Number of protein chains: 2
Amino acid sequence: MSERKTYSIGELARELDITTRTIRFYEDMGLLSPQRRGQTRIYSPADRVRLKLILRGKRLGFSLAESRELIELYQPDADNNQAQLRALLGKIQEKRDQLARQLHDIEVMQLELDEAETRCRHAMRSASDTTTG
Amino acid sequence: MSERKTYSIGELARELDITTRTIRFYEDMGLLSPQRRGQTRIYSPADRVRLKLILRGKRLGFSLAESRELIELYQPDADNNQAQLRALLGKIQEKRDQLARQLHDIEVMQLELDEAETRCRHAMRSASDTTTG
DNA sequence: CCGCAAGTTTACGTTAACGTAAAGTGCGGA
DNA sequence: TCCGCACTTTACGTTAACGTAAACTTGCGG
C-alpha cells in the first residue's frame, strides 16, 4: 500500500515550529489546500513538503507570492500545452538567476565577514598590547 | 589628496535604483548618518558602501535591524574592550552560520529546480508525442 | 526677478505576514 | 453528563518598510 500517513494542523505546527494561524494563513493565500474531514483539515505528506518549501523560501527572503510561484513550478500537469510549458521553463530559469544572484551576495558577505573578523582580531591584539605592554 | 568624492541623495537614489524616501528612512532607522551642508545631506563613499551593504542584505531577506547589526560588525573601534571584541566575534560567527544555512537552502532549491525542469521537459515531450504521433 | 528642479520636514496611508481575542464545534475520558 | 482539549471561523490589531501628499526652502539659468 502507499504511505497513507496524514497530519493534523497541530502536528505540523509543532514539527515545523510555526503556529496553526500561520498554516491557515498560507491556505487563505492559496499556498495550501488540505483535505477536510468535516471541518477539520487533514494534511498529506505532499502538503508537508509544500510547507517546508514555503519555509525554506522564507529563510531566503521570498514573499509568499514568490513561494506560490515556486510551488506552481512543480505542477507540469498533463493539461499544460507547449506554450505553457515553455513559459514554465522561463520562470524556472528566472528563479535560477535569482538564486545565482543570492549565491553571489552570500559569497561577498562571507568575504566581508572575513575582513571584519580580521579587523576584530587585530583590534584585540592592539588592545592587549596597550594593556599588557 | 584622499578621495573627496561625495554624493547627493538624488545621485545615490538613481545609481542604486531606490527612492530618496528610502534613503531618508534608513537614516531614521539609524543605518546612515550623512554629513550636512545646511539642511542638505552629503553622502561619503563610506555611506555609499553602507547603502550597498543594506541592499545586499535586503536581497538575502535581512531586516533593516539585521543589516544594522551587520554594519556594526565593521566598527571595531579602539574603544572596544576585550569583552566587547569577543562579543563581536561571536556575532560574526552567528552571521556566518546564518549564511551557511542560506547557502544550503539555495543548494536544495537548485536541486529542486533541476527536478522541476526535468519534469517540465518530459511533459513537453509527452505532449508532442500525443500531438504528432 | 521668476520659475523650476532638487532638496527638506511632517504626517498620514498602505501592504505583507502574521498575532490575538472571541465565540463556537466535536469528541474521548472520569 | 460534563470537562477539557484540539479544532474551527471571524475579525480586529500590529509591525516593518516604505509610498504619497503637502508645504516649505534654496540654488541657478534665462
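As the structure is a computational prediction, the values presented were derived from the model and not from experiment. Throughout, a chain's letter reflects where its sequence line sits, starting with A, and its residues are numbered from 1.
Within 3.5 Å, no donor on the side chain of A:R24 pairs with an acceptor on the base of D:dT9, nor the reverse.
Between the side chain of B:E11 and the backbone N or O of B:S8 there is at least one donor-acceptor pair closer than 3.5 Å.
Phosphate proximity of D:dC18 to B:T19: absent, as no side-chain N or O sits under 4.0 Å from OP1 or OP2. Look at B:Y26 and you'll find a side-chain N or O under 4.0 angstrom from OP1 or OP2 of D:dC18. Contact check, B:K58 against D:dC18: a side-chain N or O comes under 4.0 Å of OP1 or OP2. In terms of phosphate contacts, B:S8 brings a side-chain nitrogen or oxygen within less than 4.0 Å of OP1 or OP2 of C:dG7.
When rounded to the nearest whole Å, the span between CD1 of A:I9 and P of D:dA6 equals 13 Å. In this structure, CG of B:L16 is placed 13 Å from P of D:dC18, rounded to the nearest angstrom. Put simply, CD on A:Q35 is 14 Å from P on D:dT8, counting in whole angstrom units. In this entry the distance linking CG of B:L64 with C1' of C:dA16 reads 15 Å, nearest Å. Summarising the geometry, the separation between CG on B:L12 and P on C:dA6 is reported as 15 Å, rounded to the nearest angstrom. For the pair A:R37 CZ and D:dA6 P, the interatomic distance rounds to 16 Å; values are reported in whole Å. Between A:D17 atom CG and C:dC18 atom P there is a gap of 13 Å when expressed in whole angstrom units. Remark: C1' of C:dA5 and CZ of B:R14 are 11 Å apart, rounded to the nearest angstrom.
Of the candidate nucleotides D:dT9, C:dT9, C:dA17, C:dT9 has the atom lying nearest to any side-chain atom of B:R36. For B:R21, whose side chain is taken as the heavy atoms from C-beta onward, the closest listed nucleotide among D:dG19, D:dC7, C:dG19 is D:dG19. Taking the side chain of B:R41 as heavy atoms from C-beta on, and the options C:dT8, C:dC18, D:dA17, the nearest nucleotide is C:dT8. When each of C:dT8, C:dA17, D:dT8 is scored by its nearest atom to the side-chain atoms of A:F25, the top-ranked nucleotide is C:dA17.
Nearest-nucleotide assignment on DNA chain C puts the 5′-proximal partner with B:D28, out of A:Q39 and B:D28.
Between the side chains of B:D97 and B:Q93, at least one donor N or O lies within less than 3.5 Å of an accepting N or O.
The minimum heavy-atom distance between A:L31 and A:S67, with the atom names listed, is CD2-C, 4.2 Å.
In this structure, CD on B:Q102 lies 11.0 Å from CG on A:L103, to the nearest 0.5 angstrom. Between the CD1 atom in B:I106 and the CZ atom in B:R101 there is a gap of 13.5 Å [rounded to 0.5 Å].
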